[in-house]
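Data first, discussion second: the structure below is written as structure tokens.
Nothing here was measured: the structure is a model prediction, and the numbers come from that model. Every number for a ligand or one of its atoms is a count from 1 in the order of the listing.
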Amino acid sequence: MVLILGMPFLKKYQEIISKTSIPPEAVLLKRVLIFSLSVFLLIFAYLFLRKGAVDIRVVNQSIAWVSVILIGLSFALSGLCFFWNFADKYIIYRKHLGLVGFWFAVGHVSLTLFNLSKKFNLVDFFMSKERFNYFITGALALIIFAVMASISNRYAVHELGGKTWRRVLRFGYVAFALATAHFIFVGLTQWQKWFTGFKGLPPLGIAIIVFALFVFILRICLEVAVRLKKKETSEDTNTPATV
Ligand code: HEM
């Protein structure tokens, strides 16, 4: 594992890609789908052990957690590949992890709305004081992820231009922050119960919040490293050559 600092991200990315043999899109997607299914089964088993029962809520929560994990991994790959080289071969899965993560989020929202609509009036349910915060954070996250998914293609890069396209994709971190706030709002009461003495396995959200923090910290470190490098390069070019 080698720490690689001081190379602009785009250059580093192109260097990794030039050394990697890229399988066809369908193969990449198939591998990510198999990975997602494995993560789903692990989470499902954990939630089953924690709750001691299986119902549609457990399925829905497992789908939602897979979405957070896939999207988080997709974001983390940039930082991981910038600073170290152990994850280089996975950078080619960044787009597919994000896209499959988005479709899991769509699955979660559809299942949530379908389940709740059988018992409640959805407007009353989500507009209530205690639930509005998790509705609005979830809904905004989903909208931003949908925009990102819709521009994850060559046509959009061409139409928007590389710079604007990358800028729009950066909003993904805002969406990831909103999704994190969403699962904190949803799970907080359970977390408090566990911390104040509830026996049993910890709520999954406690582990995922650590993962989410890691994703954000990695992004901040990447931003700082890239800015420092840019400054260094511009200082080098502005220094007159000594004779
Ligand atoms: C309109 C958008 C959304 C709505 C209305 C919504 C609604 C809900 C509801 C009602 C729950 C509780 C389910 C239960 O306990 O049975 C929940 C849980 C959850 N949601 Fe969403 N959601 C939305 C979007 C999202 C998005 C975009 C993500 C992430 C990408 C997400 C991630 C989660 C997670 C991880 C949980 C599980 C929290 C826990 O069990 O502690 N949600 N959501």
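Checking Ile71, Leu70, Val66 one by one against Val100, the side-chain contact (heavy atoms from CB on, under 4.5 Å) holds for a single residue, Leu70. Considering Leu113, Thr112, Val106 as possible partners of Val109, the one that fulfils the side-chain contact (heavy atoms from CB on, under 4.5 Å) test is Leu113. For the side-chain hydrogen bond (donor to acceptor under 3.5 Å, both in side chains) with His96, the lone residue among Arg31, Lys30, Glu25 that qualifies is Glu25.
Separation of the Phe216 and Phe176 ring centroids falls under the 6.0 Å cut-off.
Of the protein's non-hydrogen atoms, the one nearest atom 27 (C) of ligand 1 is Gly138 O, 3.7 Å. When only non-hydrogen protein atoms are considered, atom 12 (C) of ligand 1 lies nearest to Val186 CG1, 3.6 Å. For atom 36 (C) of ligand 1, the nearest protein heavy atom (residue, atom name, distance) is Ala64 CB, 3.8 Å. At the top of the distance list for atom 39 (C) of ligand 1, counting protein heavy atoms only, stands Trp65 CZ2, 3.6 Å.
Note that CG of Asn85 and CD1 of Ile16 are 8.5 Å apart. Values are rounded to the nearest 0.5 Å. Atoms CZ and CG, on Phe35 and Leu37 in that order, are 11.5 Å from each other to the nearest 0.5 Å.
Using a 4.0 Å cut-off to heavy atoms of Thr112, the atoms of ligand 1 that qualify are 7 (C), 8 (C), 9 (C), 10 (C). Below 4.0 Å from some heavy atom of Phe126 lie the following atoms of ligand 1, by number and element: 5 (C). Listed by number with element, the atoms of ligand 1 under 4.0 Å from a non-hydrogen atom of Val109 are 1 (C), 2 (C), 3 (C), 23 (C), 24 (C). Distances below 4.0 Å separate heavy atoms of Ser67 from the following atoms of ligand 1: 30 (C).
Under 4.0 Å from ligand 1, the heavy atoms of His182 that appear belong solely to its side chain.
The heavy atom nearest to atom 18 (C) of ligand 1, considering only Arg131, Gln61, Arg57, His108, is found in His108. Considering each of Ala175, Gly187, Ala139, the one bringing a non-hydrogen atom nearest atom 41 (O) of ligand 1 is Gly187.
For the ligand labelled ligand 1, residue Phe176 lies outside the 4.0 Å heavy-atom shell.
In the model, Gln61 has a side-chain atom that pairs as donor or acceptor with a side-chain atom of Lys51 under 3.5 Å.
Annotation: cation-pi geometry satisfied between Arg131 and Phe125 (NZ/CZ under 6.0 angstrom from ring centroid, within 45° of ring axis). Geometrically, Arg219 does not engage Phe75 in a cation-pi contact defined by less than 6.0 Å to the ring centre and at most 45° from the axis.
In terms of polar-atom proximity, Asn60 is not counted as a contact of ligand 1, lacking any N or O under 3.5 Å from an N or O of the ligand.
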